[in-house]
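Here's the structure we're looking at; comments come further down.
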2 protein chains.
Amino acid sequence: MPYIPLEDHLPGITGLLEYRVDTAAPIRALTQCLLRGPSTLTEGERELIATIVSHRNECKFCSYAHTAAANTLLEEENTTAEITKDITTASVSDKMKALLIIASQVQVSGKNVTGESVQQAKDAGATDIEIHDTVLIAALFCLYNRYVDGLATVTPVDPGFYKGLGQRLKEHGYNRLPQGYDHLKKTNL
Amino acid sequence: MPYIPLEDHLPGITGLLEYRVDTAAPIRALTQCLLRGPSTLTEGERELIATIVSHRNECKFCSYAHTAAANTLLEEENTTAEITKDITTASVSDKMKALLIIASQVQVSGKNVTGESVQQAKDAGATDIEIHDTVLIAALFCLYNRYVDGLATVTPVDPGFYKGLGQRLKEHGYNRLPQGYDHLKKTNL
């Protein structure tokens, strides 16, 4: 049961984003910019960064949600399963391996990122902005995971919930849904 | 030396906020809302939450900057020194002790926040929104600390730098400085 009164039909982050809409607005804007804005990383690749960080922070809601979003965007379910098992053997490019390793270092502490891991990413073709965005996306999900678990929000057990949420995140991104999308309100991330 | 090209005269977070201004805008907005917006917690109290999290994440730039901001707002330097040593014996209210303990739990993991620590805060008079904001401020500084250290930004050693930055954060908050404040550009947080 959440530590503060949240709407029963809005689990995980969704209830928090409705609890205080003035703080939710810049959180949504930052996420939309980083995960859906113009980038040389695909939306699926950026969702993999969200997934690995949420998985390592053991935040079930975020982990399930972004696994579903990545699976929907990538149109397959193997890559998310592989990266959470072992980044180095996953079926992703060498650049993505290096960026996912940097994200995993950020998950523990910013200080854990090494010059070597950054150089490895650069050697594999990562640009400065891709490295910047990887660190900031990883840091943002360290915020999300703590926000969601720190207030003991509810984690649905129905896999269908996350499938719907993943679809919503693919089709509508992280902006607040406008009027007329009431049928999606239960996943109003 | 930072892992990506940042302006030499902008250390710590300040260079990152100029590196990508479209992601910086919502980060600034969220921080301004949480740390300077209407709240039953004083600005000094909210800076104490930023300080304890940055201190425990061992992010020197953020720790020095928010210690300076808190000192300036509180008009004394004892409280920041006391809370980083031992929250339970610091000269703050029982409510602030409980909130700082929650923030310290969030610093480690959202899962570390316990029903007992939340109840202790409520028993000491903390409202739901104060508990919400404490968790979100702590989570936000887990983002900042990782962003600043994950890209190996520069940490000035001159205490005068942080004193100036603390004054700037008291007087102008977290919004981007408008034109005409060029004399503050070196601390354009």
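In what follows, chains carry the letters A, B, and so on, assigned in the order in which the sequence lines appear, proteins first and then strands, with residues in each chain numbered from 1.
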Members of residues 90-116 of chain B whose heavy atoms come closer than 4.5 Å to chain A: B/V106, B/Q107, B/V108, B/S109, B/G110, B/K111, B/V113, B/T114, B/G115
Heavy atoms from other residues, nucleotides or ligands near CD of A/E58 exceed 12 (cutoff 6.0 Å): no
Minimal non-hydrogen separation, A/P38 against B/R20, with atom names: O-NH2, 4.5 Å
Pairwise distance CG(A/L140) to CG(B/L140) - rounded to 0.5 angstrom: 10.0 Å
Contact winner vs chain B - A/N145, A/L30, A/L16, heavy-atom pairs under 4.5 Å: A/L30
Contact residues of residues 148-158 of chain A (partner chain B; heavy-atom separation under 4.5 angstrom): A/D149, A/G150, A/L151
Among B/D22, B/T23, B/T134, residue most engaged with chain A (heavy-atom pairs, under 4.5 Å): B/T23
A/L34 reachable from A/L73 in the ILVMFWY side-chain graph, under 4.5 Å edges: no
Worked check of side-chain contact (heavy atoms from CB on, under 4.5 Å) between A/I4 and B/V135: CA-CA 11 Å; A/I4 57 175; B/V135 170; over 6 Å; no
More than 12 heavy atoms of other groups within 6.0 Å of B/E77 CD: no
Single-linkage hydrophobic cluster B/L74~B/L41, side-chain heavy atoms < 4.5 angstrom: yes
Segment of A/F141 engaging chain B (4.5 angstrom heavy-atom cut-off): neither
Pairwise side-chain contact, A/Q32 with B/P26, heavy-atom cut-off 4.5 Å (strictly under): no
Positions in residues 49-57 of chain A that reach chain B, provided some heavy atom is under 4.5 Å away: A/N57
Residue-level contacts of residues 120-132 of chain A with chain B, using a heavy-atom cutoff under 4.5 Å: A/K122, A/D128, A/I129, A/I131, A/H132
Residues, nucleotides or ligands: over 12 heavy atoms within 6.0 Å of B/D86 CG: yes
